[in-house]
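Just below is one structure, and these are the notes that go with it.
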2 protein chains.
Amino acid sequence: MSIAKKNALILVIEDEAPIRRFLKMALVDHGFSFSEAATGKEGLSKLAAERPELVIMDLGLPDMDGLEVTRQIREWSNVPIIVLSARENENDKVEALDAGADDYLVKPFGVGELMARLRVALRHANRLSEDQLDSTFAFGDIQVDFAKRQVMRGPEEIHLTPIEYKMLNTLIRYSGKVVTHKHLLRETWGGEYSDETQYLRVYMAQLRKKLELDPAQPKYLITEPGVGYRLKVDS
Amino acid sequence: MSIAKKNALILVIEDEAPIRRFLKMALVDHGFSFSEAATGKEGLSKLAAERPELVIMDLGLPDMDGLEVTRQIREWSNVPIIVLSARENENDKVEALDAGADDYLVKPFGVGELMARLRVALRHANRLSEDQLDSTFAFGDIQVDFAKRQVMRGPEEIHLTPIEYKMLNTLIRYSGKVVTHKHLLRETWGGEYSDETQYLRVYMAQLRKKLELDPAQPKYLITEPGVGYRLKVDS
DNA sequence: CTCGATTTTGATGAAATCTTGATATAGGAC
DNA sequence: GTCCTATATCAAGATTTCATCAAAATCGAG
């Protein structure tokens, strides 16, 4: 199972300072980043500005009803919302959940349970964002699939060694731009190797042999003499 | 807000007949279709056969632990699971949620709250792309049935040890993609073992011996030197 | 406790990858 | 043209990683 991303930013919308402090401790303690708002309005504006990965919201806010905040958030965001409330009444739970909250915890609650439910919510969110990613890059008849770590040339698979793949990856991330020798060496081998330009020549030749139609007349893996290399994008 | 699809099929895994009847009434009353299983094994097989849109599961089953059922479901399916339990203990909740449950309700609970939490779960499921895996997976002449935890090679069953099965399961869940050594070790043995790449070699050889036609020239269980392994999908 | 299955561990040879140095080529300065 | 520098190519070790086998340790059912 995928581990929840560490350092995820959690926005706490809660008017009572002691509870905010309590939540801050618990969250930071579990490796999350923390942001806070004391009112509904502030919460909405921080949500828009900071794009947290999850919202924990108290229902009893001074300026506006937590339910209303929830509804407003749901008009434009799918961020997971965990609602906290002192009210155990079933109707309150149903209302909050139907307003768009993802979970409802009755105060007082255990930190362990809060964290577990938070992991559930982040799990959902992660699954959502995963399949929206397009992780391929193409040039010429070459197609690179980063999720599969696979390079295709038309219908057939091209096998790249770890170093070849890393170099290509770097060139793609800066595609169109020149990547200096130093930079390419650092990204591929690490800082200590930043003067071994000979390595680059060897591996660039390898890449060209595998990816270019005519390795002697490269169309994509371009040498910039004295500077570095560049992946030319289709135009 | 998206209204939960009407007539969604809900599978109830619960050994006590009175509770099953109670849930059936409540669910049918709210416009859902209903299916039931009295044991964990029956639940797993009905899940595979009927493809319900949500599972409600009691933790106290006669044949196997509800947590174990949850984990096994999560090996191949993302169907929402709402756990019911008489145990209010925080640890039980955390365990169930971390095992893969999406919500945890303590008995007795109100029908209104159950329905609201069910709507939340279905809302999530609707947002998710249909990445519900099939309960079987095939490559070459191998057929894997996750619900039965059974591997067939043509007409005959192939016996896999627990570790072999876990490794194969992970490779299948990421099929087509390279699974790094670390990742594979973590998923199979747990985080502490993430450097024991020797284990992988031993078990990969075992799997190939059992699953490949020519273990020396694997067609499916592919080595990516220096990176990890990959289950190549038929194309 | 005993037996059989499974997992862990160590040893060995094979394969893939990386490094290194030697040599070839291209292009600019003069 | 020659000289010079930067780049390209090639292939032989050196090194790392992998496959395979089998013995030892561990686990679990009866």
Side-chain angles (χ1 to χ4, degrees), chain A residues 149 151 157-169 171 178-182 184-185 187-190 192-232, chain B residues 64 68 149 151 157-171 178-190 192-231:
Chain A
R149 196 198 177 281
V151 180
E157 186 176 341
I158 308 265
H159 173 77
L160 296 188
T161 70
I163 287 187
E164 289 162 5
Y165 184 81
K166 266 196 194 175
M167 262 187 63
L168 177 61
N169 194 298
L171 288 166
V178 178
V179 186
T180 64
H181 296 136
K182 265 196 165 39
L184 207 42
L185 283 161
E187 293 246 351
T188 310
W189 281 269
E192 322 84 77
Y193 291 78
S194 59
D195 290 323
E196 305 280 346
T197 43
Q198 170 63 7
Y199 287 8
L200 294 183
R201 303 202 185 103
V202 174
Y203 280 93
M204 190 55 63
Q206 289 287 89
L207 275 181
R208 283 175 176 150
K209 196 150 54 180
K210 292 185 178 183
L211 304 179
E212 292 277 1
L213 275 170
D214 178 2
Q217 307 288 323
K219 282 186 60 183
Y220 300 104
L221 298 163
I222 309 295
T223 301
E224 299 283 352
V227 187
Y229 294 91
R230 182 164 60 92
L231 177 62
K232 197 170 168 185
Chain B
M64 54 197 294
E68 187 49 34
R149 309 198 120 212
V151 180
E157 180 171 353
I158 307 264
H159 172 76
L160 295 189
T161 71
I163 287 187
E164 288 163 6
Y165 182 82
K166 266 196 192 176
M167 262 188 63
L168 178 61
N169 188 281
T170 301
L171 288 167
V178 175
V179 185
T180 63
H181 298 133
K182 266 197 164 41
H183 190 165
L184 205 44
L185 283 161
R186 248 193 268 280
E187 294 246 350
T188 310
W189 280 271
E192 322 83 78
Y193 290 78
S194 59
D195 290 322
E196 305 281 345
T197 43
Q198 171 64 7
Y199 288 8
L200 294 182
R201 302 202 186 103
V202 174
Y203 280 92
M204 189 56 60
Q206 289 289 91
L207 276 180
R208 282 175 176 151
K209 196 151 53 181
K210 292 184 178 182
L211 305 178
E212 291 276 2
L213 275 170
D214 178 1
Q217 308 286 322
K219 280 186 62 183
Y220 300 104
L221 298 163
I222 307 295
T223 301
E224 296 283 350
V227 185
Y229 293 90
R230 186 159 61 89
L231 177 62

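A, B, ... follow the sequence lines: proteins, then strands. Residue 1 opens every chain.
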**Request:** Please state whether the rings of B:Trp189 and B:Tyr199 are parallel, tilted or perpendicular, taking 30° and 60° as the class boundaries.
**Result:** tilted
**Message:** Just to verify, what does A:Lys166 make a salt bridge (charged side-chain N to carboxylate O under 4.0 Å, His left out) with, not counting sequence neighbours?
**Reply:** none
**Fill in**
Given protein heavy atoms under 4.0 Å, the one-letter contact record of nucleotides 10-30 of chain D, with B base, S sugar-phosphate only and - none, is simply B------SBBBB---------
**Message:** Applying side chain to side chain donor-acceptor pair (under 3.5 Å) as the test, list every pair that has at least one member in residues 209-218 of chain B; sequence neighbours left out.
**Reply:** B:Glu164-B:Lys210
**Item:** salt bridge (charged side-chain N to carboxylate O under 4.0 Å, His left out) partners of A:Lys182, counting only residues at least two apart
**Value:** A:Asp195
**Shortest non-hydrogen contact between B:Leu168 and B:Leu207, atoms and distance** = N-CD1, 4.2 Å
**Prompt:** Should the pair A:Arg149 and A:Tyr165 be classed as cation-pi, given the thresholds of under 6.0 Å to the six-membered ring centre and 45° from the axis?
**Reply:** yes
**Rounded distance (Å) that lies between atom C1' of D:dT7 and atom CZ of A:Arg230** = 17 Å
**Request:** Might you point out which heavy atoms bring B:Ile222 and B:Arg208 nearest each other, and give the distance in Å?
**Result:** C-NH2, 3.9 Å
**Message:** Measure CG/A:Leu221 against C1'/D:dT7 and give the value in whole Å, please.
**Reply:** 15 Å
**With sequence neighbours excluded, residues passing salt bridge (charged side-chain N to carboxylate O under 4.0 Å, His left out) with B:Arg230** = A:Glu157, B:Glu224
**Fill in**
At a 4.0 Å cut-off to heavy atoms of chain A, the contacted part of DNA chain C spans C:dT17 to C:dA22
**Item:** A:Tyr199 or A:His159, whichever maps to the more 5' nucleotide of DNA chain C
**Value:** A:His159
